[in-house]
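Inspection log for the structure reproduced underneath, given as structure tokens.
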Amino acid sequence: MKILLRVLMSTVLLMPVTFLLLPVLHNSEAADNTFKEIKKITRNVEFSSLDVYDDQLITTYRDSAHNPFIISSYSKTGTLNWETSAIGPHAITESKIATVDGNHDVLSIRSTATGEVLTTSKIVNFGTASRIYMNENYIVLASKWSFLVYDTNGKFIMQEKADVYTGAALSKNTLVFQDSKGIKLYNLSTRQKMWGVPLESRFSTAHTLVPNESVIYAQGVERLSTTDSVPVKDVLLAINASTGRVLYKKDFGQYEETWVQLKEFGLITSHAVEDIHNIYNADGTLKMSLNMESPVIKQLKQKNDIYGNYYNSTQNFVDSKDGLYYFKRYSGVYDEYVFSSLKSLDETGAVKFEKVLDEHVFSIATTYSNKLFVANGKGLGYSGESNELNVYDSNGALLDTIKTEYIKHLQSDGSSLYGYGGNTLYIFKESEPKVVPRISGTSRYDTAVAISKEGWKVADTVVLATAGDFPDALAGGPLAFQENAPILLTRTAYLTKETKAEIERLGAKKVIILGSQGAVSLEVEKELKQMGLTIERIGGKNRFDTAALIAQRLTSNEAVVAYGFNFPDVLSVSAYASKNGIPILLTRTDKLPAET
């Protein structure tokens, strides 16, 4: 049989979703075109963090380091759902909150639906937890000399020693842990260390460890000799997440601290002081080098003698539809001067527009509309100060200016903007283009149900996939088309009420579950059987295996092969493949998996 492979490969990485919060007073008639609704929430203490989920916002705040955190849940319209307090570090996922009470050595796990405590566990022989990491499966407590692992039901899993912890990251069933001696990866389901890579760590920031599913980027230092007093140079290692093999190393130079982040554009390294940013392809080759020091910025640096004196700076990149947005803020040690650079770059790195402001830029964000939202102002960043939210189109034209109080951070879920700073939280609902029809819900589960209602009055068969990751649902598109079945989504641990109600409305007789029990649990399968449904599960040992098993159900002499660790390529071809009955197979960047 002749097999035609349509290969879709790219080096892009999952675009982080960014949301922006805007204030209530407009000084432009265009404001109604930018936002259809603005909600302002004011508290008597300063907000510390904001987590945006499908159906709620979760904030934390406290008025001093000695007082408990107040954790609050709001609806997307700003209604307070619940509020609770917690002592010590905490971590939040879409379904649960983990908190550590260091005074009593107790780990508490709460529901994000109600804020109520689900279970508690006594922490023994551990010391002070400096940070908590959590995903849907595990909770990790990290201290200077060790880490503890629990499952999200409070069951103790394992404990390991550390040598001055600096960073960690969780991904499904694996933990990447960095201490002063190196990087280690643990399989938490087997409680085994899978590999270790020696790498001395000199400092601890959020940017020393940048993992994704296939590659782990780790920063550290290498000494120029074996004595402690000799200089060190900063390095970046790219490590294969499966094997621990070092794919490549980047030398940043002696005493040259560098900021690293992943964007859809690629891996970006930014010098801590100089305005040089290098962007790399997936194989470590240089894609482009960007010098952000324009003539205007150079003149301002010379005017304020930045080259001869220490200065404060903040910078960030945000993905746009066709490139990157970037800002950097420069200020004197005593705020004796301040200026900010704002730029838009196309996919080649060429500057589309640049704006230089004689004030602070605190944060930037964008949405599906590709507008750029900028929180800026003359103030120094304190509660009650008057700032602005400026709205630009992709060519740099100013569309709107909205008066706000201090906004330090902007976030986005694509269609709405959220911002907070000081004691104020803003929720901005962006106006939608009236010419574009939208099928949507308040969550990903609701959206899947809305699509099902749009396309099916009844359906004998339903395809069910986890909402926690993309491969199974997208690979299942051609099968769903063949079966004339809607694709509905569920949580891993339980069947969501929206999905259950839609299955009942459709009058379905059969459910095809995509993915192993790690994706859709046995508890979900049992609940479906209790509804009188016939169950078929198509699930392999990994995403490649599941896609291959789905492909065996299709009668096509063609196949699409796409990168399996990010969604854009698979998403782009899914409609074409589904309509034409062509199976979608998945691959790694540098190797075709045996299952495929």
Side-chain angles (χ1 to χ4, degrees), residues 48-49 51 53 56 58-62 65-73 81-179 184-194 468 491-494 517-518 521-524:
S48 301
S49 68
D51 292 279
Y53 298 104
Q56 66 177 327
I58 297 180
T59 65
T60 64
Y61 57 91
R62 61 178 174 177
H66 304 290
N67 290 339
F69 277 96
I70 304 299
I71 304 175
S72 306
S73 167
N81 297 325
W82 54 261
E83 195 163 76
T84 187
S85 63
I87 299 174
H90 57 275
I92 303 171
T93 68
E94 190 168 4
S95 59
K96 292 182 180 179
I97 302 171
T99 61
V100 171
D101 183 345
N103 296 332
H104 301 93
D105 295 326
V106 173
L107 169 67
S108 299
I109 301 171
R110 303 171 184 267
S111 165
T112 58
T114 63
E116 296 178 353
V117 175
L118 301 174
T119 185
T120 59
S121 298
K122 185 69 175 175
I123 303 171
V124 181
N125 299 325
F126 181 61
T128 302
S130 56
R131 186 163 178 185
I132 305 180
Y133 300 86
M134 182 168 63
N135 62 14
E136 292 296 329
N137 301 316
Y138 296 100
I139 301 168
V140 177
L141 279 57
S143 72
K144 188 174 183 180
W145 303 112
S146 69
F147 68 84
L148 285 173
V149 182
Y150 295 83
D151 69 16
T152 49
N153 294 315
K155 179 183 177 183
F156 173 77
I157 301 297
M158 63 182 290
Q159 181 174 10
E160 286 286 332
K161 294 181 178 179
D163 194 333
V164 188
Y165 144 81
T166 57
L170 274 170
S171 178
K172 291 191 176 178
N173 295 321
T174 60
L175 167 68
V176 183
F177 193 86
Q178 183 176 17
D179 60 18
K184 307 173 187 69
L185 184 137
Y186 296 86
N187 185 323
L188 299 182
S189 60
T190 63
R191 308 182 188 187
Q192 298 294 315
K193 186 177 87 169
M194 305 305 293
R491 293 186 186 272
T492 296
Y494 63 90
Q517 293 181 17
S521 68
L522 189 60
E523 284 70 24
V524 172

> Can you name the closest pair of heavy atoms from Thr152 and Glu136 and give their distance?
Replying inline: OG1-O, 3.2 Å
>> Any non-hydrogen side-chain atom of Leu175 less than 4.5 Å from a side-chain atom of Tyr138?
In response: no
> Just wondering, do Val164 and Trp145 contact through their side chains at under 4.5 Å, heavy atoms?
Replying inline: yes
> Which atoms form the tightest heavy-atom contact between Ser85 and Pro68, and what is the distance?
Replying inline: CB-CB, 4.3 Å
> For atom NZ of Lys122, is the number of surrounding heavy atoms from other residues, nucleotides or ligands below 6.0 Å larger than 12?
Replying inline: yes
> Do Phe177 and Tyr165 have ring centroids that are under 6.0 Å from one another?
Replying inline: yes
> Tyr133 side chain to Leu141 main-chain N or O, any donor-acceptor pair under 3.5 Å?
Replying inline: no
> Which heavy atom of Lys96 sits nearest a heavy atom of Met134, and at what distance?
Replying inline: O-CE, 3.1 Å
> Can you check whether Val106's main-chain N or O pairs, donor with acceptor, with Asp101's side chain at less than 3.5 Å?
Replying inline: no
>> If you apply the rule side-chain contact (heavy atoms from CB on, under 4.5 Å), what do you find for Phe69 with Thr59, and how did you get there?
In response: CA-CA 10 Å; Phe69 277 96; Thr59 65; over 6 Å; no
>> Restricting to non-hydrogen atoms, name the atom on Thr492 and the atom on Val524 that form the minimum distance, rounded to 0.1 Å.
In response: O-CG2, 3.6 Å
>> What verdict does the side chain to side chain donor-acceptor pair (under 3.5 Å) test give for Ser108 and Thr120, after you've listed the backbone C-alpha separation in whole Å, the side-chain angles of each residue and the deciding distance to 0.1 Å?
In response: CA-CA 4 Å; Ser108 299; Thr120 59; 5.8 Å; no
>> Looking at Asp163 and Lys144, is there a salt bridge between them, counting it only when a charged N and a carboxylate O are closer than 4.0 Å?
In response: no
>> Set out, in order, the CA-CA distance, both residues' side-chain angles and the distance that settles side-chain contact (heavy atoms from CB on, under 4.5 Å) for Phe156 and Ser121, then state yes or no.
In response: CA-CA 8 Å; Phe156 173 77; Ser121 298; over 6 Å; no
>> I need the minimum non-hydrogen distance between Thr114 and Trp82, along with the two atoms involved.
In response: O-CG, 3.3 Å
> Without hydrogens or angle criteria, can the side chains of Glu116 and Ser111 be said to hold a donor-acceptor pair below 3.5 Å?
Replying inline: no
>> Which residues pass the salt bridge (charged side-chain N to carboxylate O under 4.0 Å, His left out) test with Asp151, not counting sequence neighbours?
In response: none
>> Could you walk me through whether Ile132 and Ile139 satisfy the side-chain contact (heavy atoms from CB on, under 4.5 Å) test, starting with their C-alpha distance in whole Å, then the side-chain angles of each, then the deciding distance to 0.1 Å, before giving a yes or no?
In response: CA-CA 7 Å; Ile132 305 180; Ile139 301 168; 3.7 Å; yes
> Would Phe147 and Tyr186 count as a close aromatic pair, with their ring centres under 6.0 Å?
Replying inline: yes
>> Can you tell me how far apart CD (Glu94) and CD1 (Ile58) are? Round to the nearest 0.5 Å.
In response: 9.0 Å
> Can you tell me how far CD1 of Ile71 sits from CD1 of Ile92, rounded to the nearest 0.5 angstrom?
Replying inline: 5.5 Å
> By salt bridge (charged side-chain N to carboxylate O under 4.0 Å, His left out), which residues pair with Glu160, not counting sequence neighbours?
Replying inline: none
>> Counting C-beta onward and ignoring hydrogens, is there a side-chain heavy-atom pair between Leu148 and Ile123 closer than 4.5 Å?
In response: yes
>> Is the shortest side-chain heavy-atom distance between Lys184 and Asp179 below 4.5 Å?
In response: yes
> Does a side chain donor of either Ser95 or Thr112 reach within less than 3.5 Å of an acceptor in the other side chain?
Replying inline: no
> For Thr174, does its backbone N or O pair with a side-chain atom of Ser171 as donor and acceptor, under 3.5 Å?
Replying inline: no
> If you measure from CZ on Arg491 to CD on Glu523, what distance do you get to the nearest 0.5 Å?
Replying inline: 15.0 Å
>> Counting C-beta onward and ignoring hydrogens, is there a side-chain heavy-atom pair between Ile87 and Thr99 closer than 4.5 Å?
In response: no
> Can you name the nearest heavy-atom pair linking Ser72 to Glu83, along with the distance?
Replying inline: OG-OE2, 2.6 Å
> Does His90 reach the side chain of Thr60, with side-chain heavy atoms less than 4.5 Å apart?
Replying inline: yes
> Could you walk me through whether Arg110 and Thr84 pass the side-chain contact (heavy atoms from CB on, under 4.5 Å) check?
Replying inline: CA-CA 10 Å; Arg110 303 171 184 267; Thr84 187; 3.0 Å; yes
> Would you call Leu188 and Leu170 a side-chain contact if the rule is heavy atoms closer than 4.5 Å?
Replying inline: yes
>> Given 3.5 Å as the limit, does a donor-acceptor pair link the side chain of Thr93 with the main chain of Asn135, or not?
In response: no
>> Would you say that Ile157 contacts Arg191 through its side chain, given a criterion of any heavy-atom pair below 4.5 Å between the two side chains?
In response: yes
> Once you round to the nearest 0.5 Å, how far does CE of Met194 lie from CG of Asn187?
Replying inline: 5.5 Å
